[in-house]
Amino acid sequence: MLNKLPNSVSYVIIIFAGIILYSNTLHNSFVWDDEYLIEKDIRIRSWGSLPEIFISSLSLPSPKQGNFYRPFQVISFLFDYSFWKLNPVGYHITNLFFHILNGLLIYILAKILLQDNLTSIIAALLFLVHPVHVEAVTYISGRADPIVTAFCLVSLILFLKYRNFNAVGATPTRWLLYSGSILSFLCALLSKEAALIFPFLLVWCGYSFRKTYPAGIGTGLESNSEFASKQNRGLKSPATLPFFLLSALYVALRLTLLKSISEPHPPIAPFFSRVITFFNVIVRYIILLFFPQDLHMERRIPFLNSLFQWEAILSIVLVGILILATIWFRKYSKEASFGLGWFLIALLPVSNIMPINAAMAEHWLYMPSIGFFLAVAIGVSSLWKVKVFRYVFILLIPAVLIFYSAMTIKQNMVWNDEISLYNSILKFSHSSARIHINLGVAYAKRDEYDKAITEYKKAIELYPDFVMTYINMGYMYSKKGMNEEAVSAYKAALSIRPYAADYISDELRLIYSDKEVTEMASRQYSGHSLSNLELADLYNNVALIYDKEDRFSDAVRMYKKAIETNPEYTDARINLGILYRKKGIYADAIYEFNELLRI
């Protein structure tokens, strides 16, 4: 029945499935990095910022985090702001648009490669409804993955149409398809760094379909032989060369003209440990794709340090079997082999061979999972031809899709606001001091002081050396009129970082006289000498917390202190300008933004 569906009906099914699944996200709030990438990024307020967007990194709270060059992601926020300002609804609509678009593109790609509607619609729907993608779709700032995936799929589809075009010679239509493929790849590079793997996926596609099947062997999709025969030149053809040259040019620009925003992330483990842990992560990803349980941000994966650990041995063996299966499948189902190979190759950018900021994240599965779902759909389509299995799948396929859909709808609710998100993460990462601090700040913004204090105390137990936790807790106590407890918290902060006196002077007046506070604030810190950039970053981070807690005067004081310490530290001036504008103090806001132009 599904094989006889016209394309238009399949498109409608995919579109409506996406809308139904993610309609409950439209009224979710901004969470996590949305504050910095949307609410506080002045570049998305005007199209006049386009030149700056192309020479700067994502607007994260610290310069040390600014090694993500993704101008198209920022431009997508700029587009949303033009229509929706700071209403999250419009941003969620854009995320949903890209996710549905990717579902449609996967269907189109599968039809081109497989010429089989059943396999194509199953692959597209599995991708669309799977709950592991909630992190990339429901989280607004996670949209870099859907965007880069969309551009890569468009590039691949256009390239295949170019290779498969019936006309002989350099016709305008063929070159239009080819140019569109290269342009789409360029857009992918400007969306997320993971696009660098695309030329290898392109070669893998050419390799996978370079020969026709022998008669009687395959998945029953032998109608694809004509397509495969036209791809015989796919691997050897120079048509893929511009993609590699564009990648090389991108890397060269990141290492030269854009070097200031391309600092590598410091390794979170030794190289050998990162490599063997990646095998374990691949196994964890496969388990998540089959059984998407315990989905959450801030995954903490223990790094493996020896080849003789049982987790390392088991993981290497299982991944080795998967690689051998990918090779073996080429004899019987090149399409399934292609899907498994896509999955493994697309995971390489997040393998931690080149250091990144985590070992594992659900949103990193967004593009690799396409190959996995293609392989699964091909397996289902093959077994569908066996009468016994057909009756099983008539019940199993809808059941799986409904089960995944229900999980997706439920997982969307986790991202409703910061409090629901952080509480959900803590169920799985209860030892994360950062999440306890974030949850405390979220409670403080709602004036739920007791809950905020509870979270700060938990954070201190886990990480007793972070001075800002004591300062935040002290402020909560002072808001409750518990001055003795506030004094104790501020003293604890000073015992850890004596220079903290400089930026909690108002709070210290609860304990000391004005003269004593002035002396303490002017006292030089005798420990590690902080650079101007580090001090400015520190002041800015304190100001951000004050800003979150709606402590206007304190936030302004800290932003100004950051600017005085390092006049070229743009983050503080940007944040101060936004704060003034948020409070309706437009003259001061304009002044700060104008000062940015002088830097």
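Values below: all heavy atoms of this structure, side chains included; hydrogens, waters and symmetry mates excluded. Bear in mind that the values here come from a model prediction, so they are computed numbers and not experimental data.
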Residues pairing under salt bridge (Lys or Arg N to Asp or Glu O under 4.0 Å) where one sits in residues 76-98, two or more places apart or in two chains, turn out to be Asp80-Arg143

For Phe97, the ring-ring contact (aromatic ring centres under 6.0 Å, His included) test, sequence neighbours excluded, returns none

Only counting residues at least two apart or in another chain, list the ones meeting ring-ring contact (aromatic ring centres under 6.0 Å, His included) with Phe291. none

Could you check whether Ser431 and Arg300, counting side-chain N and O atoms only, form a donor-acceptor pair closer than 3.5 Å? no

With His296, which residues qualify under ring-ring contact (aromatic ring centres under 6.0 Å, His included), at least two apart? Phe428

Residue pairs passing the side-chain hydrogen bond (donor to acceptor under 3.5 Å, both in side chains) test with at least one member in residues 16-25, sequence neighbours excluded, are Asn24-Asn412

Mind jotting down which residue pairs meet the ring-ring contact (aromatic ring centres under 6.0 Å, His included) criterion with at least one end in residues 400-425? Sequence neighbours excluded, please. Trp32-Tyr422, His130-Tyr404, Tyr139-Trp415

Which residues satisfy the side chain to side chain donor-acceptor pair (under 3.5 Å) test with Thr469, sequence neighbours excluded? none

N/O donor-acceptor pairs under 3.5 Å from side chains in residues 102-109, not counting sequence neighbours:
unit_1 : atom_1 : unit_2 : atom_2 : d
Asn102 : OD1    : Ala150 : N      : 3.1
Asn102 : ND2    : Phe98  : O      : 3.1
Asn102 : ND2    : Pro146 : O      : 3.0
Asn102 : ND2    : Tyr366 : OH     : 3.1
Tyr107 : OH     : Asn7   : OD1    : 2.9
Tyr107 : OH     : Ser10  : OG     : 3.2
Tyr107 : OH     : Asn117 : OD1    : 2.3

By side-chain contact (heavy atoms from CB on, under 4.5 Å) - contacts of Lys410 (at least two apart): none

Using salt bridge (Lys or Arg N to Asp or Glu O under 4.0 Å) as the criterion, list what pairs up with Asp417, not counting sequence neighbours. Arg446

Pairwise side-chain hydrogen bond (donor to acceptor under 3.5 Å, both in side chains) hits with a residue in residues 183-192, at least two apart: Asp145-Lys192

ring-ring contact (aromatic ring centres under 6.0 Å, His included) filter on Phe552, not counting sequence neighbours, yields none

